[in-house]
There are 2 protein chains.
Amino acid sequence: MTSPADTTTEPVRPEARAPRGFQDRRGHDLVAERRIVQAVSEVYERWGFEPLETSAFEYADALGKFLPDADRPNEGVFALQDDDDQWMALRYDLTAPLARFAAQTWETLPKPFRRYAFGPVWRNEKPGPGRFREFVQCDADTVGSDRPEADAEIIAMAVEGLQAAGLAPGQAVIKIASRKLVNGVLQAAGVTEQGQTLAVLRAVDKLDRLGPDGVKLLLGEGRLDDSGDFTRGAGLNTKGVDAVLAFLAVQAGSRDSVLNALDAVVGGTEAGAEGLNELGRISAALKAMGVADEAAGIDPSVVRGLEYYTGAVFEAELLLDTTDDKGRPVRFGSIGGGGRYDDLVARFTGERTPATGFSFGVSRLVSALRAAGQDPAGDARGPVVIIAFSEDDMAHYFAAASELRGAGIAAEVYLGKAGMKAQMKYADRRGAPAAVIMGGDEIAAGKVTIKDLDLGRELARKVADNDAWRSERPGQSLVDRADLTATVRAILDHGK
Amino acid sequence: MTSPADTTTEPVRPEARAPRGFQDRRGHDLVAERRIVQAVSEVYERWGFEPLETSAFEYADALGKFLPDADRPNEGVFALQDDDDQWMALRYDLTAPLARFAAQTWETLPKPFRRYAFGPVWRNEKPGPGRFREFVQCDADTVGSDRPEADAEIIAMAVEGLQAAGLAPGQAVIKIASRKLVNGVLQAAGVTEQGQTLAVLRAVDKLDRLGPDGVKLLLGEGRLDDSGDFTRGAGLNTKGVDAVLAFLAVQAGSRDSVLNALDAVVGGTEAGAEGLNELGRISAALKAMGVADEAAGIDPSVVRGLEYYTGAVFEAELLLDTTDDKGRPVRFGSIGGGGRYDDLVARFTGERTPATGFSFGVSRLVSALRAAGQDPAGDARGPVVIIAFSEDDMAHYFAAASELRGAGIAAEVYLGKAGMKAQMKYADRRGAPAAVIMGGDEIAAGKVTIKDLDLGRELARKVADNDAWRSERPGQSLVDRADLTATVRAILDHGK
């Protein structure tokens, strides 16, 4: 290879840019994501879930077509053909690879198999603001237990995980529902045909926008909107419409009260009774695990999008009133979810293998935490910067940095070639809590100057319009070289 | 989507298998890798290196063609065409993305820019035993400092990182050399032409196999091997041959003694003098940082393969005699390396931007640690398993598990449907330190039975041929329910 820098003719230079829809992450944001992953991993391991990492690629047929974008079943993934002509695709979530892994290794696994995983997933979709084609997910799943207690365990662990990530009790809730309740309602409403089922679900989905009266019309003959357009309804009879509306009208409350109210609506159907029995056992197990009704409640309106759920479904929601960047209140919405999917492993084996899990996107959780006034990287600091004046004194600077690091304090010697002022600016940009100044005179006298940069910044803010403070060198002190580490430690401690 | 498990006709089922050359990682191996990454990250952050994560994809032109496999410049990566027709490829290392990132954001970065990164890289190569197409690398780099002290810092930090990962002092060494010394030797030998340069390097590379006499022939006219084949030599004159042999004959020793010996060989050349001056400053800085000669020595024979190195090069080597799986001694070789690469950012900007770094493969380091008798996941344990006897007592089991977790002890309730014996086997396979048994009688009496599984395994090993111990229930004790956590804690503590 000829080095471009050495050629005399003008070389063709590539443009330095990240691919469309991909991002570089560093500093505060990355520290926040890592702390969340670390805190949640510790919780999951304490619950007996073991780490598993599958590869980025799966064979395309093993990955399946479970992406929400059902209109483009072959799109949505990054795929390429291997040199033996097999198609491989990058995973779009962590559940499909788990199903493949479980099917492949089932005989050798301890069962039930509990695993958690975190890592990037890739979606070949149109990128947009805040919408990336690569992002980190974190999943926990139990494969091989059909007990509702396994769902309860996932929910209780998710509650603890969100708290460990920084959301205080009351800032988030896990809402629990069941596909079987929806099936019960459809049964009670006399719906058996697929097209009518979809029409009912579409009507239900408009509850927020149209209210019960609008939904009532859409469940029946249809609805004429303000612009004069007519939307044909699901065509339910009065009894059917009433059943669906009664289901939607169940009031929030304790898990027991919601279950009782639901019993009156769907308890008479086979699917409904089965769903209620399972939710009852989930609720009892949650109680035994010490999970309050406020942390995990039953909410029949939760209907998660992915078609592979077969029983209980969960949705984690931020409970805070958040504001957008113009200060307007916005509903933050879902910060994670999951449910029971008993058919995914059967895609490979033909044998129904019960499974349940919970998943969240790490950067979305960071956003939720920030919306809740928490900064997971709040106390993250840059290193202490040792200012470098003279080539001859480098050994002194390195010794000081080593000493600080030996005491567990992040520290570095400035290794550029700028003067004092630019070095102080560098220290500021690194978020350094302190700068250490060792001029020739100080070294000769066995002294060191330590500048408290937080204090300096604070004072600069307070007296920005007053130049007098500058001569007083705020937050700067000359101490014995022997007191270096103790002085820096004191600065770090008062900064907390 | 129709669920395969629900269809009545036999569906076409995908085979559950990981793609060729890709692996699933779990349990002990994964814990070992994570602990290494965690320990090394802490060291790197203490040295003032900030975390950076770039995306898996880069545009193909930005990635460049720096893979060692120079015969297949367009091969070796996983590439695909985006829907706007641009070619993207998965990163094959963490250096090329750093160069792109630095070029893209240079104006906004604090300079020098220190960053570390870890994550998967992908190589589209023929897989083999222990040779995967996806593996985790860990890099640390300083961009924007041409000071030899920046190289020294990388070396000192690598020494500390390897120790933090578990290699004791004396188990590994970083060998330091410089491309400029090689240039000096070539200059001293009167070599200016590219073909002759390569012939010299090929000859040098055979030192281990042929010894100085064989190399001498290959540097001169050529060598006739035992089979009668003649290999044409580099055609150096006597003075040239002597210069190269003198370079190779430099004895190992302290950094100062090696530098002195090298000075006599290449000090008279411009490139050699420059390289020696840089290595001298690296050595002095290492001394100031407290890095002993035994931990980081000068070894002129280190010539790393990648063509992008421009100055100092480093190679981390395991110093232990290791054995292969047949017990034969093998040289483990390199466990990481790096060096100065001042031209990579210039590929984009046209401006030379000094950079230096060190990189290692995480799973290879795990292998090295195991070869050195260290197991980074040695004390990793499974969760305590609470045996489940009766549906009616689930609340008791969950409460016990919650209590243990509250004390920081990993614990889980068995959620399958097997009997006592199978549950004990499950606990054993999970690596559980203890099993908690709460039958109806025990619950009624306010008691709990705790089985020390480590002790049980140990006793089973000792008296495997004697059935008498079985009736004594080794390591099993009945204690008050209130003493559950303390008893389990004692078992965990004696297991350390």
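Chain identifiers are assigned alphabetically (A, B, ...) following the order of the sequence lines, protein sequences preceding nucleic acid strands; residue numbering begins at 1 within each chain. These figures come from a predicted structure and were not determined experimentally.
- Among the candidates B:I409, B:D29, B:D84, B:T142, the residue making the largest number of heavy-atom pairs closer than 4.5 Å to chain A is B:D84.
- In this structure, no portion of A:F132 lies under 4.5 Å from any heavy atom of chain B.
- Counting heavy-atom pairs closer than 4.5 Å to chain B, the top residue among A:R133, A:Q81, A:E351 is A:R133.
- Proximity to chain A (any heavy atom under 4.5 Å) is shown, for B:Y397, by neither the backbone nor the side chain.
- Comparing B:Y59, B:F57, B:F22, B:Y414 by how many heavy-atom pairs each has under 4.5 Å with chain A, the most go to B:Y59.
- A heavy-atom distance below 4.5 Å is not found between the side chains of A:L63 and A:L90.
- In this structure, the portions of B:S145 lying under 4.5 Å from any heavy atom of chain A include both its backbone and its side chain.
- Between chain B and the options A:D428, A:D83, A:V385, the largest number of non-hydrogen pairs under 4.5 Å is found for A:D83.
- Under the salt bridge (charged side-chain N to carboxylate O under 4.0 Å, His left out) criterion, B:K417 pairs with A:D146, sequence neighbours left out.
- Contacts of B:Y341 with chain A are absent, with no heavy-atom separation under 4.5 Å from either backbone or side chain.
- The most heavy-atom pairs under 4.5 Å with chain A, out of B:A395, B:A99, B:P110, come from B:P110.
- Only the side chain of B:V31 has a heavy atom closer than 4.5 Å to any heavy atom of chain A.
- Per-residue heavy-atom pair counts under 4.5 Å with chain B were compared for A:R20, A:R17, A:Q104, and the maximum is reached by A:R17.
- Looking at B:E134, its side chain never comes within 3.5 Å of a backbone N or O of B:P120 through a donor-acceptor pair.
- In this structure a side-chain-to-backbone donor-acceptor pair under 3.5 Å is present from B:Q423 to B:A388.
- Looking at A:E33 and A:F118, their side chains never come closer than 4.5 Å, going by heavy atoms from C-beta outward.
- Of the charged side-chain nitrogens involved, none lies within less than 4.0 Å of a carboxylate oxygen, so that B:E58 and B:R91 do not count as a salt-bridged pair.
- The candidate with the highest count of non-hydrogen atom pairs below 4.5 Å against chain B, out of A:K287, A:R114, A:M88, A:M394, is A:R114.
- Options B:H396, B:R430, B:E42 differ in how many heavy-atom pairs under 4.5 Å they form with chain A, and the most are formed by B:R430.
- Look at B:R281 and A:E391 and you find a salt bridge, because one of the NZ, NE, NH1 or NH2 atoms lies within 4.0 Å of a carboxylate O, short of that distance.
- Proximity to chain B involves both the backbone and the side chain of A:L52, based on heavy atoms less than 4.5 angstrom apart.
- Between chain A and the residues B:P19, B:A103, B:S402, the largest count of heavy-atom pairs under 4.5 Å involves B:P19.
- Put simply, the side chain of A:E45 never gets that close to the backbone of B:A410: no donor and acceptor are under 3.5 Å apart.
- Contact of B:Y44 with chain A is not made at all, since no heavy-atom distance falls under 4.5 Å.
- A side-chain donor-acceptor contact under 3.5 Å links A:R429 to the backbone of B:L109.
- Counting only residues at least two apart or on different chains, the salt bridge (charged side-chain N to carboxylate O under 4.0 Å, His left out) pairs with a member in residues 399-409 of chain B are B:E403-B:R481.
- Contacts between B:L30 and chain A at a heavy-atom distance below 4.5 Å involve the side chain alone, from C-beta outward.
- In this structure, the side chains of B:V43 and B:M157 come closer than 4.5 Å at one or more pairs of heavy atoms.
- A salt bridge does not link A:R115 to B:D24: none of the charged side-chain nitrogens sits closer than 4.0 Å to a carboxylate oxygen.
- With a threshold of 4.5 angstrom between heavy atoms, A:P383 approaches chain B through side-chain atoms but not through N, CA, C or O.
- Chain B forms the most heavy-atom pairs under 4.5 Å with one residue out of A:V384, A:V345, A:T108, and that residue is A:T108.
- If you tally non-hydrogen atom pairs under 4.5 Å between each of A:G416, A:G290, A:P97 and chain B, the highest count goes to A:G416.
- Proximity of a side-chain donor or acceptor of B:R46 to a complementary backbone N or O of A:G408 within less than 3.5 Å is not detected.
- The most heavy-atom pairs under 4.5 Å with chain A, out of B:A18, B:A150, B:A399, B:A62, come from B:A18.
- With a 4.5 Å cut-off on non-hydrogen atoms, B:A56 touches chain A through its backbone and its side chain both.
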